[in-house]
Amino acid sequence: MSENYFKTYPNEEGYFGNYGGAFLPPHLEAEMKKITNAYYSISKSHKFISELRSIRKHYQGRPTPVYYSGRLSNKYGGRIYLKREDLNHTGAHKLNHCMGEALLAKYMGKTKLIAETGAGQHGVALATAAAYFGLECEIHMGEVDIKKEHPNVVRMEILGAKVVPVSHGLKTLKEAVDSAFDAYVQDFDNSLYCIGSVVGPHPFPMMVRDFQRVVGVEAREQFMEMTGELPDKVVACVGGGSNAMGLFSAFLDDDECEIYGVEPAGRSLNLGEHAATMTLGKPGVIHGFKCYTLMDENGEPAPVYSVASGLDYPGVGPEHSMLKDLKKVKYDYINDKETIDAFYELSRMEGIIPALESAHAVAYAIKLAQKFPRQSILVNLSGRGDKDIDFVVDTFGLPENPK
Ligand SMILES: *Cc1c(COP(=O)(O)O)cnc(C)c1O
């Protein structure tokens, strides 16, 4: 499947099976074609590849290790391994695609990066990439999120990015997307819109996946070197799906590996209280592409929720949507409570505080380990949890003193 797979998906029009594409106003269609063509030629050039490789090694600190989680495995059964993306510079996998997108912007002669951010994680990663390349950076963020995510706002400002507050509607991610898009439309000659996951119109789901493939390529090789075999199970959390696509892409060819994508079941499975797009949603068009979506009764993107703000998106990458239909990947969910338990469990059993997003994958791996005590499980630990510590302790208390 692999080389062939990457040649087959997406097709010329940006489709992964029935999903993806680019549903855009005509004036932007031409610009997206330009980006697609630039990406196809630039990303194959020796210069681009070696510059990105050097950044990965000397700036980001790659390869990140694969770690055998011995105490956790002894307690729950199975053999649990963690791909340590929390040790990537800035503490999560997001910098993998932000550095790629920013390098592409530089090669295309763009001077400015534009994006929206919800919790601020994508904004911080992009501001980091912009600082590295000496590009301008404009991050649109809802006023509600600006108040909630103060440390990330300060980080972006320290890094030299301009944070544009968005004050209409619910003042959160959806409005920030509209605002960033408007700003981009007015200045697309000089700027590149940098999407934060494997979502949006073609070519973004493909580009972001390709930039994240480094996670899977490294992890597969490291795991083989450590154990002499392939993992029985591969697990990652799915918001838009970039960290998961990065890891999964290296194992799509291996029929003996079972692959699991873990979505947030939030507080309950009632609409508005979760973001389990793949398991509970239906195909539809959102933000310029087709995928599984959570819609309200009017066909508008539904409100979504998760304790992990990086996972609460009412759509999902088109490639995941296809992999679900092909039954190549199993999608399942983990709720808030199981996530918080896993957050503390990994912290206390291994000395690793996971991001709440990643804690969804850890919680699922623990369940699998109990069910399949003889098998090996490779988990993508997509990020570190420093950003979540105050929220978790203030909201849920410590395990010995719960709220
Ligand atoms: C943003 C984020 C995610 C979710 O994004 P994907 O595109 O689904 O990977 C997961 N983990 C961490 C640490 C994040 O910051």
Side-chain angles (χ1 to χ4, degrees), residues 64 82-98 100-101 115-128 145 149 151-152 155 173 194-200 204-216 235-249 260-264 275-278 287 289 291-292 304 306-321 323 329 331 333-334 339 342-343 346 352-364 379-389 391-392:
T64 58
L82 305 174
K83 175 61 173 165
R84 299 286 311 272
E85 287 305 289
D86 59 317
L87 296 176
N88 196 30
H89 178 45
T90 72
H93 71 288
K94 284 196 173 74
L95 198 65
N96 298 334
H97 61 250
C98 285
E101 287 176 314
E116 74 287 336
T117 195
Q121 294 303 108
H122 176 51
V124 169
L126 196 63
T128 302
D145 290 330
E149 310 290 347
N152 276 342
R155 274 185 199 109
L173 183 63
C194 293
I195 291 182
S197 187
V198 286
V199 298
F204 285 96
M206 170 186 70
M207 292 198 308
V208 172
R209 173 202 65 193
D210 290 354
F211 291 139
Q212 287 294 346
R213 275 178 68 186
V214 66
V215 175
V235 182
C237 67
V238 178
S242 63
N243 87 86
M245 253 354 286
L247 184 65
F248 296 173
S249 60
Y260 297 86
V262 184
E263 295 194 301
T277 317
M278 305 279 283
H287 297 143
F289 70 106
C291 64
Y292 276 89
V304 281
S306 164
V307 72
S309 44
L311 300 181
D312 60 356
Y313 182 59
V316 66
E319 193 166 6
H320 285 290
S321 303
L323 291 170
V329 178
Y331 294 88
Y333 45 69
I334 283 290
T339 301
F343 173 89
L346 191 68
I352 299 169
I353 304 176
L356 284 176
E357 291 81 5
S358 324
H360 282 76
V362 173
Y364 200 77
V379 186
N380 201 3
L381 198 73
S382 55
R384 68 176 180 225
D386 303 47
K387 67 187 178 59
D388 299 313
I389 53 176
F391 168 78
V392 170

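It should be emphasised that the depicted structure is a prediction, and the values quoted were computed from it without experimental measurement. Whatever order the structure lists ligands and atoms in, that order sets their numbers, starting from 1.
Using a 4.0 Å cut-off to heavy atoms of Gly383, the atoms of ligand 1 that qualify are 13 (C). Counting the atoms of ligand 1 from 1 in the order shown, those under 4.0 Å from a heavy atom of Gly239 are 8 (O). Near Cys237, the atoms of ligand 1 lying under 4.0 angstrom from a non-hydrogen atom of the residue are 10 (C). Close contacts of ligand 1 with Ser197, meaning ligand atoms under 4.0 Å from a residue heavy atom, involve 6 (P), 7 (O).
Of all the heavy atoms of His93, the ones lying under 4.0 Å from any atom of ligand 1 belong exclusively to the side chain. Of the heavy atoms in His122, none comes closer than 4.0 Å to ligand 1.
In this structure, Ser306 contributes its side chain and Ala308 its backbone to a donor-acceptor pair below 3.5 Å. Checked by atom type and distance alone, the side chain of Ser358 pairs as donor or acceptor with a backbone atom of Ser382 at under 3.5 Å. Judged by distance alone, with hydrogens and angles left aside, the side-chain atoms of Asp388 form a donor-acceptor pair with the main-chain N or O of Leu356 at under 3.5 Å.
Heavy atoms of other residues, nucleotides or ligands lying less than 6.0 angstrom from OH of Tyr333 number 12 at most. When the shell of 6.0 Å around CD1 of Ile353 is examined, it contains 12 or fewer heavy atoms from other residues, nucleotides or ligands.
Checking only distances, Gly196 never comes within under 3.5 Å of ligand 1, N or O to N or O. The distance criterion of under 3.5 Å between nitrogen or oxygen atoms is met by Asn243 with respect to ligand 1. An N or O contact shorter than 3.5 Å is missing between Ala92 and ligand 1 by distance. An N or O contact shorter than 3.5 Å links Gly241 to ligand 1 by distance.
Comparing Ser306, Ser358, Ser382, Ala355 against atom 11 (N) of ligand 1, the shortest heavy-atom distance belongs to Ser382. When Lys387, Lys94, His97 are ranked by how near their heavy atoms come to atom 14 (C) of ligand 1, first place goes to Lys94.
Below 30°, between 30° and 60°, or above 60°: for His97 and His122 the angle between ring planes is between 30° and 60°, a tilted geometry.
Contacts of Glu116 classified as salt bridge (Lys or Arg N to Asp or Glu O under 4.0 Å), with partners at least two apart in sequence or in another chain: none.
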Worked verdict on Leu381 versus Lys83 for side chain to side chain contact (heavy atoms under 4.5 Å, CB included): CA-CA 6 Å; Leu381 198 73; Lys83 175 61 173 165; over 6 Å; no

Please lay out, stage by stage, how Arg155 and Glu149 fare under the test salt bridge (charged side-chain N to carboxylate O under 4.0 Å, His left out). CA-CA 10 Å; Arg155 274 185 199 109; Glu149 310 290 347; over 6 Å; no

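Salt-bridge check for Lys94 with Glu85: failed, with every basic side-chain N at 4.0 Å or more from each acidic carboxylate O.
Atom 4 (C) of ligand 1 has as its closest protein heavy atom Gly310 O, 3.4 Å. Among all non-hydrogen protein atoms, the one lying nearest atom 6 (P) of ligand 1 is Ser242 N, 3.3 Å.
Taking a 4.0 Å cut-off on heavy atoms, Arg384 fails to register as neighbouring ligand 1.
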